[in-house]
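Reckoned from all heavy atoms, side chains included, excluding hydrogens, waters and symmetry mates. In what follows, every chain begins at residue 1, and chains take the letters A, B, ... in the order their sequences are listed.
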Amino acid sequence: MTGKSNAIVIGFFFCPLVQFREFDMTSETSTPVVVRFAPSPTGYLHIGGARTALFNWLFARRQDGRFLLRIEDTDTARSSPEMTDNILTSLKWLGLDWDGEPVLQSANRPEHVRLCRDLLDRGLAYPCFCDPEEQRRRREEGPQAGMVYKYDRTCLSIPRDEAAARMKAGEPHAVRFRIPDGRTTLADRIRGDVTVEHAELDDFVILRSDGTPVYQVSVVADDHAMAITHVIRGDDHLSNTPKQILLYRAMNWPVPEFAHVPMILGPDKKRLSKRHGATSVGEYERQGVRPEALRNFLALLGWSPGDDREIMTLAEMTEAFSLASVSKKSAVFDETKLAWMNAQYLSRLTDEEWLKAAEPFLPVGAADAGGLKGWIPLMRPRVQKLSELTGASAYFFNDPEAYEPAAVAKHWPGPQAADILDGVRDCLKVADWNAAGLESAVRGLAEKRGVKAGALIHPVRVALTGSGSSPGLFEVMETLGAETVFRRMERAAAWIRSGAAV
RNA sequence: GGCGCGUUCGUCCAGAGGCCUAGGACGCCGGCCUCUCACGUCGGCAACACGGGUUCGAAUCCCGUACGCGCUACCA
């Protein structure tokens with residue numbers, strides 16, 4: 001009943017309250033901060049969850065607070081320990097470390113049930129004997145009649161002793177929370193004030209007839225038990241927050257601060273989902289995206305340091321982070337920019353670091369190449385995601401299996417292409433085997449023949465790489481070595497003469 | 001349907017009444033570099049959803065409309 005009078009007070013003294021809140025907004029916090037990330041292990045850690053975790057982490061670290069983890073595994077049918085492992089692994093991969101041991105929500109079930117019973121005893125909740133099937137049917141019919149279904153409080157009018165007797169007799173029942181009169185204003189750290197009239201809410205079930213507590217109860221109970229001071233979560237929870245606040249009040253618990261971060265959308269502006277392609281952190285790892293790149297990119301979706309910085313270390317992000325600077329607007333996930341950002345991080349690695357990161361993506365044959373490292377600086381600026389390496393660098397390690405048709409058509413227009421290859425090969429035989437020496441040999445030949453160097457270079461490139469484009473031809477030659485170069489040129493000449501081109 | 005939230009270049013952000021002829025980044029287009037591709041570099045195109053207010057002055061404040069998203073479960 002205190003909730004009711006509070007609500008009225010809020011309504012009447014609106015102006016002073018606003019001033020108070022603004023003060024609160026700028027101070028960011030005054031007590032030690034405890035935040036949490038609470039994924040449910042029903043799937044891999046997805047992009048949206050990762051960003052929510054990041055924001056929680058940044059806030060906690062910025063405020064010298066604690067960042068806790070809670071695994072919401074109460075949906076036993078859909079949850080699995082494997083998914084929990086996967087989520088933890090992904091968080092670590094992203095460099096987001098947490099404090100203490102992860103809490104399992106399922107462990108707190110008995111307490112959640114107890115709280116529901118307590119609310120029942122105190123008359124803040126009441127048993128509902130209505131048939132769930134009937135309720136569901138009415139809810140479905142509602143829209144057709146132009147009405148919205150809201151629980152009609154049939155069971156609220158059952159006298160307490162009668163209700164007690166029916167429960168005692170074992171009649172199946174759920175427990176519903178009784179929504180008090182009034183309205184609730186939530187001072188969201190990101191959205192600002194959000195007010196909801198209690199008349200819009202209905203007496204929601206807190207304890208199902210099978211005796212299991214509902215999500216709204218579990219979050220509230222666990223957040224309180226974990227002494228969470230700031231609930232930072234996806235904006236899909238915004239509408240349910242008033243219900244949760246009512247629960248806090250009913251329990252006589254302090255209400256934490258809330259901050260609802262906007263959603264991440266796909267290119268079609270719909271909520272990001274599997275339809276949009278890769279949506280889990282693990283998939284990006286498998287594509288050869290660097291964790292620091294994904295993390296940086298995610299941070300910039302819905303947040304900015306307030307200036308033009310884009311490439312930032314975790315420490316820089318932490319230093320600049322505040323909830324007030326988080327956007328209210330949902331953001332489209334742009335793969336292209338992620339790729340660019342990944343390339344930025346890739347380019348900042350040393351050759352040794354780069355190779356180590358690239359190893360899982362090297363094509364077959366690369367292992368046999370041993371000390372052959374000349375290809376590395378050649379490929380580095382040419383891949384944005386390491387996974388591109390598999391195809392793009394194949395010719396460094398294996399003779400081309402095929403010649404790109406478009407390149408053949410353009411650079412090997414007829415049998416004379418084979419003669420060009422032979423001519424170049426001969427002039428190469430007496431050249432110094434390094435990029436400069438090879439280049440001057442080929443250019444010398446071009447000049448002698450009165451043709452442009454490109455007329456010789458392009459046919460040779462196709463012979464060596466099977467492709468119309470590659471890193472500088474002479475660097476490629478130097479890296480490949482004379483033996484391989486000659487072998488490939490001769491194979492190509494033979495292929496051309498066999499008439500395969502036509 | 002109701003309620004809530006949102007709306008600055010194609011995309012991500014900057015902008016908290018005059019500093020905005022709206023800034024940066026990705027992408028795109030063009031130049032340079034050059035044997036192709038990529039990198040790099042230089043330049044260009046490109047936005048305040050709409051309509052009313054308030055104000056000497058609005059991208060910034062207020063109201064309405066449109067559109068989008070979310071919630072509205074004995075799911076989490």
Which sits closer to the 5' end of RNA chain B, R176(A) or G472(A), going by the nucleotide each is nearest to? G472(A)

Given RNA chain B, 5'-ward residue of the pair I457(A) and Q384(A), judged by closest heavy atom: Q384(A)

Short N-O contact, [X] and [Y], less than 4.0 angstrom:
X: K337(A); Y: E310(A); result: yes
X: K385(A); Y: E335(A); result: yes
X: D236(A); Y: R271(A); result: yes

Need the pair for [N]. Rule: Watson-Crick or G-U wobble, both distances under 3.5 Å, any strand; none if unpaired.
N: rG2(B); result: rC71(B)
N: rU36(B); result: none
N: rA49(B); result: rU65(B)
N: rC28(B); result: rG44(B)
N: rC19(B); result: none

Flag this pair as yes if the NZ/CZ of R176(A) is under 6.0 angstrom from the six-membered ring centre of F204(A) and inside a 45 degree cone about the axis; otherwise no. no

Please give the distance between the C1' atoms of rG51(B) and rA66(B) as a whole number of Å. 10 Å

Under 4.0 Å, heavy atoms only, any strand: does K270(A) hit a base, just the sugar-phosphate, or nothing? sugar-phosphate

Measure centre to centre between the rings of F333(A) and F297(A), then say whether the value is under 6.0 Å. yes

Do F55(A) and F321(A) have ring centroids that are under 6.0 Å from one another? yes

Show me the protein contacts with nucleotides 12-15 of chain B, counting only N or O atoms at under 3.5 Å.
from: rC12(B); atom 1: OP1; to: V332(A); atom 2: N; distance (Å): 2.9
from: rC12(B); atom 1: O2'; to: L300(A); atom 2: O; distance (Å): 2.8
from: rC13(B); atom 1: OP1; to: G302(A); atom 2: N; distance (Å): 2.4
from: rC13(B); atom 1: O2'; to: S304(A); atom 2: OG; distance (Å): 3.2

Quiz question: going by heavy-atom distance under 3.5 Å, is there a donor-acceptor pair between the base of rG70(B) and the side chain of S239(A)? yes

For rG4(B) and R191(A) - does any side-chain N or O of the residue sit under 4.0 Å from the phosphate oxygens OP1/OP2? no

